[in-house]
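Have a look at the structure below before the remarks.
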Amino acid sequence: MSYEHIARQSLGFFPTPLIELSKLSARLDGPKIYMKRDDNTGLALGGNKTRKLEFILGEALAQGADTIITAGAAQSNHCRQTAAAAASLGLECHLVLGGEEPKHPQGNLLLDKIFGCHIHWSGNHCKGEDIPNLVQQLIQQGRKPYVAPYGGSNELGALGFVEAFRELEAQCQNIDLSFTHIIFASSSGGTQAGLMLGSKIFNSACQIVGINIDKGETDKVPFDQYIVALANRTAELIDADYKFSASDLILNSDYVGEGYGVVGAVENEAIAITAQTEGILLDPVYTGRAMGGLLDMIRTGKLKKNDKVLFWHTGGAPALFAYSNDLEVSK
């Protein structure tokens, strides 16, 4: 098993910090809680997509691309980091965003514009359905486009989180620490697939627990099936002799609420309590929902007092500004 031969472009600051959230643990009278700070990856205010883009854009450059295309929601963290990465590499960037253009851009969308990318609004086509036509238009203009997958979640993107697990293992060995659970927001599948494979490669006994963020499907396949298939394809990419099945997947869908990007009490409490105990910002779409799940799992006894829990902060704080009307801040 090796991936040293796979093209990679340095984009972030690694390793990201691993810290203990002792005040949050005390507030909850719960298990020890740690946080992996991928909100500090350094690219465009940080986020987990930087890890994925190192391998995805590594392939784009190896293929001679001069233009990057990707898709997402208006407040997509992946699109924001892709726009920044493309700017840093001197590549033209096109974002295909679902919905309609707002009168006043905020949050991630404002940053997309600052990075100078081309934005194409696609209405109800929220997951890149319009990309093939855009590819043909750009080719006719003499460009060499490369399509980065939705959420950065293909085999190369997942490989970024195999490498992330290796990074985490090195940090844990230095301080003689091991976790019973790793909990994170699971939305496009690459982070979870990569962590699942990484845990197998490094023979970890911890549970990889994705908190489902969206009610929808991925590539017209049920999300749980998609993650398992992606983990298997990533294993094949690096000749790792592992085969995953549904029994290997832990995907908690108890907290999807009213659906993707709909902020409720779960997200509001998680954002407030994390900020007011640890001075750390979560976002309203991904990490707020995932931390809300973690809080509930402690209160309902699914996480025990003697567990050691890692919350993987995948970034996204710029979206706070776009969701200001939905946030209920209280002590």
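In what follows, every heavy atom counts, from backbone to side chain, and hydrogens, waters and symmetry copies are set aside. This structure is a prediction, so every number in the text was calculated from the model and none was measured.
Within 6.0 Å of the NZ atom in Lys144, the count of heavy atoms belonging to other residues, nucleotides or ligands does not exceed 12. When the shell of 6.0 Å around CD of Gln63 is examined, it contains more than 12 heavy atoms from other residues, nucleotides or ligands.
Side-chain contact between Leu327 and Glu267 is absent, with no heavy atoms from C-beta onward closer than 4.5 Å. Proximity of Val309 to Phe179: side-chain heavy atoms (C-beta onward) are nowhere separated by under 4.5 Å. Looking only at side-chain heavy atoms (C-beta outward), Asn40 and Pro17 come within less than 4.5 Å of each other. No side-chain heavy atom of Leu11 sits less than 4.5 Å from a side-chain heavy atom of Arg51. Taking 4.5 Å as the limit, some side-chain heavy atom of Asn252 sits within range of a side-chain heavy atom of Met297. Put simply, the side chain of Phe244 reaches to within 4.5 Å of the side chain of Leu197, judged on heavy atoms. Proximity of Ile211 to Tyr286: side-chain heavy atoms (C-beta onward) are nowhere separated by under 4.5 Å. The closest side-chain heavy-atom distance from Leu230 to Gln192 is not below 4.5 Å.
Placement of Ile280 and Leu24 within a single hydrophobic cluster is found when ILVMFWY residues are connected by side-chain heavy-atom separations under 4.5 Å, directly or transitively. Met35 and Ile182 are members of different hydrophobic clusters when ILVMFWY side chains are connected at heavy-atom separations under 4.5 Å. In the hydrophobic clustering of ILVMFWY residues, with side-chain heavy atoms under 4.5 Å counting as a link, Val256 and Leu251 come out apart. Neither Val266 nor Val285 shares a network with the other; the hydrophobic side chains, linked directly or stepwise wherever heavy atoms of I, L, V, M, F, W or Y lie under 4.5 Å apart, form separate groups for each. Hydrophobic clustering, with ILVMFWY side chains joined whenever heavy atoms are under 4.5 angstrom apart, keeps Tyr226 apart from Val209.
Of the possible donor and acceptor atoms, none in the side chain of Glu20 sits under 3.5 Å from a partner among the backbone N and O of Ile33. Looking at Ser186, its side chain never comes within 3.5 Å of a backbone N or O of Gly210 through a donor-acceptor pair. A donor-acceptor pair under 3.5 Å links the side-chain atoms of Ser122 to the main chain of Leu97, judged by distance alone. A donor-acceptor pair is defined here as one N or O able to donate and one able to accept, closer than 3.5 Å; no such pair exists between the side chain of Arg289 and the backbone of Asp214. When atom types are taken as modelled, the side chain of Asp307 and the backbone of Leu303 share no donor-acceptor pair closer than 3.5 angstrom. A donor-acceptor distance shorter than 3.5 angstrom exists from the side chain of Thr41 to the backbone of Gly47, with no hydrogens or angles considered. In this structure, His78 contributes its side chain and Pro149 its backbone to a donor-acceptor pair below 3.5 Å. A donor-acceptor distance shorter than 3.5 angstrom exists from the side chain of His313 to the backbone of Leu281, with no hydrogens or angles considered. In this structure a side-chain-to-backbone donor-acceptor pair under 3.5 Å is missing from Gln207 to Ile250. Judged by distance alone, the side chain of Thr180 and the main-chain N or O of Lys308 form a donor-acceptor pair under 3.5 Å.
Scanning both residues, Thr16 and Asp38, for their nearest heavy atoms gives OG1-OD1, 2.8 Å. Residues Pro31 and Lys304 come closest through the heavy atom pair CB-O, 3.1 Å. Contact detail for Lys305 and Asp29: the closest heavy-atom pair is NZ-OD1, 2.6 Å. Closest approach of Val162 and Phe202 over heavy atoms only: O-CE1, 4.3 Å. For the pair Ile227 and Met196, the tightest heavy-atom approach, listed with the atom from each and the gap, is CG2-SD, 3.9 Å. Residues Gly58 and Ala7 come closest through the heavy atom pair O-CB, 3.5 Å.
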| query | Yes or no on side-chain hydrogen bond (donor to acceptor under 3.5 Å, both in side chains) for Glu59 and Tyr146, after CA distance, side-chain angles and deciding distance? | reply | CA-CA 9 Å; Glu59 180 179 77; Tyr146 176 96; 2.5 Å; yes
| task | Begin from the C-alpha positions of Lys302 and Asp254 and carry the test side-chain contact (heavy atoms from CB on, under 4.5 Å) through to its verdict. | result | CA-CA 13 Å; Lys302 295 173 184 174; Asp254 292 344; 3.7 Å; yes
| task | Applying side-chain contact (heavy atoms from CB on, under 4.5 Å), run through Lys52 and Phe161 and close with a yes or a no. | result | CA-CA 7 Å; Lys52 301 178 178 184; Phe161 269 85; 4.2 Å; yes
| said: Is there a salt bridge (Lys or Arg N to Asp or Glu O under 4.0 Å) between Glu163 and Arg166? Walk through the geometry before answering. | reply: CA-CA 5 Å; Glu163 173 66 10; Arg166 182 205 61 76; 2.7 Å; yes
| field | From CA spacing to verdict: side-chain contact (heavy atoms from CB on, under 4.5 Å), Ile238, Ile201 | value | CA-CA 11 Å; Ile238 59 175; Ile201 291 171; 4.1 Å; yes
| request: Apply salt bridge (Lys or Arg N to Asp or Glu O under 4.0 Å) to the pair Arg27 and Glu278, showing each step before the final yes or no. | output: CA-CA 11 Å; Arg27 174 81 170 265; Glu278 299 289 350; over 6 Å; no
| request: May I have the step-by-step check of side-chain hydrogen bond (donor to acceptor under 3.5 Å, both in side chains) for Gln106 and His104, ending in yes or no? | output: CA-CA 6 Å; Gln106 299 182 65; His104 301 293; over 6 Å; no
| field | Evaluation steps, ring-ring contact (aromatic ring centres under 6.0 Å, His included), between Phe165 and Trp312 | value | CA-CA 11 Å; Phe165 201 97; Trp312 204 299; 7.6 Å; no
| said: Between Tyr255 and Asp296, does the side-chain contact (heavy atoms from CB on, under 4.5 Å) criterion hold? Intermediate values first, please. | reply: CA-CA 9 Å; Tyr255 309 103; Asp296 183 69; 2.7 Å; yes
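Of the candidates Asn133, Asp130, Val147, Val96 forms a side-chain contact (heavy atoms from CB on, under 4.5 Å) with just one, namely Asp130.
Between Phe55 and Tyr3, the two ring planes are perpendicular [angle over 60°; tilted spans 30° to 60°].
Under the 3.5 Å distance criterion, with hydrogens and angles disregarded, a donor-acceptor pair is assigned to the side chains of Gln81 and Thr50. Between the side chains of Ser204 and Ser199, no donor-acceptor pair is found at a separation under 3.5 Å. Checking Thr82 against Lys49 by side-chain atom types alone, no donor-acceptor pair falls below 3.5 Å. For Thr314 and Asn48, the side-chain atoms include no donor-acceptor pair closer than 3.5 Å. A donor-acceptor contact under 3.5 angstrom links the side chains of Asn108 and Asn77, judged on distance only.
Rounding to the nearest 0.5 Å gives a distance of 9.0 Å between OG of Ser22 and OH of Tyr34. For the atom pair Arg80 CZ and Leu110 CG, the distance stands at 11.5 Å (nearest 0.5 Å). Between atom CG of residue Leu177 and atom NZ of residue Lys32 there is a gap of 8.5 Å, rounded to the nearest 0.5 Å. Rounding to the nearest 0.5 Å gives a distance of 9.0 Å between OH of Tyr260 and CD of Gln75. Here the CG atom belonging to Leu111 is positioned 9.5 Å from the CZ atom belonging to Phe321, to the nearest 0.5 angstrom. Atoms NE2 and CG, from His120 and Leu95 in turn, are 8.0 Å apart once rounded to the nearest 0.5 Å.
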